[in-house]
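This report refers to the structure that appears directly beneath it.
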There are 2 protein chains.
Amino acid sequence: MTGMLKDKTRFVPPPKLPPPTPVVDLSDAEMRMAQDLLFFAYRDFTNVADQVLEELGLGRAHHRALHFIGRNPGITVSSLLAVLRITKQSLARVLNALVDEGFVAQAPGFEDRRLRLLTLTEKGAALERRLFDAQRNRISQAYKRAGPQAVQGFRGVMRGIMDKGARDYMDGTGAAEDA
Amino acid sequence: MTGMLKDKTRFVPPPKLPPPTPVVDLSDAEMRMAQDLLFFAYRDFTNVADQVLEELGLGRAHHRALHFIGRNPGITVSSLLAVLRITKQSLARVLNALVDEGFVAQAPGFEDRRLRLLTLTEKGAALERRLFDAQRNRISQAYKRAGPQAVQGFRGVMRGIMDKGARDYMDGTGAAEDA
DNA sequence: GTTTTAAGTCAACAATGCTGACCCATTTCG
DNA sequence: CGAAATGGGTCAGCATTGTTGACTTAAAAC
């Protein structure tokens, strides 16, 4: 019985204390820091919108859909799937909720009537605005404090981290890209 | 019936097509872009480690725990909770799995024997290394391409986006901070 | 007129958050 | 010393959001 640890087989004797953490080279520490940066910044950035979402019984997935539909009015379901990289079923849940509650409207395509062109309703645009405003504060504060040059660097690095596909999407001016 | 849309009440007539997306001011577009950057960079960065994790039947939550224990050898459970900002129960699931499978070791504190000091076992450190290596490529590529100045900017902006608490943690040299 | 394609749907499952309610061992404090 | 506070653990149940697999329907393409 190792004190409070009960006898749970779970106890493993400590490896002589701090396993000396290799500390390979300097840039290694930089890379570790980048992990932290991404984790914290993303977590806290997304959290900003959560309060508003909770009020409405929506989740982050809904926010993402609203965001990308707002940025790409008339986007098709399959393009949206390609951007989000989730399955049709996952999107369906979220999208149906948004349509049911009047945040998103869908119209059949003109040329190809199989397509469902997605747009935000006014209600949807208003919600997206609200969510955006919350997050915008964060960003603009951070941008302001860091300065325009830092912003340039930020963009460059972030672009470098993402997949080529995402980079391409972003280069498409935010208009619906072709998967 | 409106073609393929069946009769699902779900159909909402299109709002005259692209609700003109206000386009308030220039900096607004910048902020929107930042949302995209964060979403894509974070998604693709975390994805990098997923393959390795899947092999082992572990998830991202396990990775996070490994990461922060690795960076803060001897961290207590409550400090880890404070860093991750999740509940004890959520952490327990993940931590128990890691201990059971020999990735993490725990030792009672010397001064205060209620504490459980967490460290990576060699096996755990090796796994963390593996996961890290995958992600390191991304980062170092991005850093290299963007240049050292951009990296500075990246850090500044990311720090600005996160909560003060996270910033403080990071300033603690990555050594276990006091909640 | 057959085959693709865009979209929708049912069912079931897994990971990871959460809350609420307790228990135990240790430390602290009156 | 004895009570309260603290660090940690656990059971049970639930929500969100991701996954697979299998199948349908409507429209387009060939």
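The structure presented is a predicted model; accordingly, all values stated were derived computationally and were not measured. A, B, ... follow the sequence lines: proteins, then strands. Residue 1 opens every chain.
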Practice task
Write down the distance between CG (B:L118) and C1' (D:dG8), rounded to a whole number of angstrom.
Solution key: 11 Å

Exercise for the section: Give a yes/no on whether any side-chain N or O of A:T76 is located under 4.0 angstrom from OP1 or OP2 of C:dA6. Expected result: no

Exercise for the section: Round to the nearest Å and state the distance from B:D112 atom CG to D:dG8 atom C1'. Expected result: 11 Å

Problem - For atom NZ of B:K88 and atom C1' of C:dG20, their distance in whole Å - result: 12 Å

Handout entry: Pair B:F39 + A:Y42: ring centers closer than 6.0 Å
Key = no

Exercise for the section: May I have the distance from A:E111 (atom CD) to D:dA28 (atom P), rounded to whole angstrom? Expected result: 10 Å

Handout entry: Verify same cluster id: A:M158, B:V48 (apolar side-chain graph, 4.5 Å)
Key = no

Exercise for the section: Classify the side chain of B:R114 and the base of D:dT6 as holding, or not holding, a donor-acceptor pair under 3.5 Å. Expected result: yes

Practice task
On the 0 to 90° scale, with breaks at 30° and 60°, tag the B:F40-A:F68 ring pair as parallel, tilted or perpendicular.
Solution key: tilted

Practice task
Take B:L117 and B:I75 through the side-chain contact (heavy atoms from CB on, under 4.5 Å) test and state the conclusion after the steps.
Solution key: CA-CA 5 Å; B:L117 309 179; B:I75 192 174; over 6 Å; no

Fill in the blank from the handout: Rounded to whole Å, the CG-C1' distance (B:L81 to C:dG17) equals 13 Å

Completion exercise
Here the distance between atom C1' of D:dT16 and atom CD1 of A:I86, to the nearest Å, is 12 Å

Practice task
Return the residues of residues 43-61 of chain B meeting this criterion: a heavy atom under 4.0 Å from some atom of DNA chain D. Order them by number, or give none.
Solution key: none

Practice task
Report yes if some heavy atom in the side chain of A:R129 is under 4.5 Å from a heavy atom in the side chain of A:L120; otherwise report no.
Solution key: no

Fill in the blank from the handout: To the nearest angstrom, the CG-P distance between B:L66 and C:dT16 comes to 12 Å

Exercise for the section: Could you say whether B:A92 or A:S90 is positioned toward the 5' end of DNA chain D, judged by the nucleotide with the nearest heavy atom to each? Expected result: B:A92

Problem - OP1 or OP2 of C:dC18 under 4.0 Å from side-chain N/O of B:T87 - result: yes

Exercise for the section: Would you tell me if any nitrogen or oxygen in the side chain of B:H62 comes within less than 4.0 Å of OP1 or OP2 on C:dA15? Expected result: no

Practice task
Output yes when at least one side-chain N/O atom of B:R93 is less than 4.0 Å from OP1 or OP2 of C:dA15, else no.
Solution key: no

Practice task
May I ask you to decide whether A:R167 forms a salt bridge with B:D44, counting only side-chain N to carboxylate O separations under 4.0 Å?
Solution key: no

Practice task
Salt-bridge test for B:D36 and A:R155: reply yes if a basic N is under 4.0 Å from a carboxylate O, no otherwise.
Solution key: no

Problem - Side-chain donor/acceptor of B:Q89 to base of D:dG13, under 3.5 Å - result: no

Problem - Gap between atoms CG and C1', on B:L117 and D:dG8 respectively (whole Å) - result: 12 Å

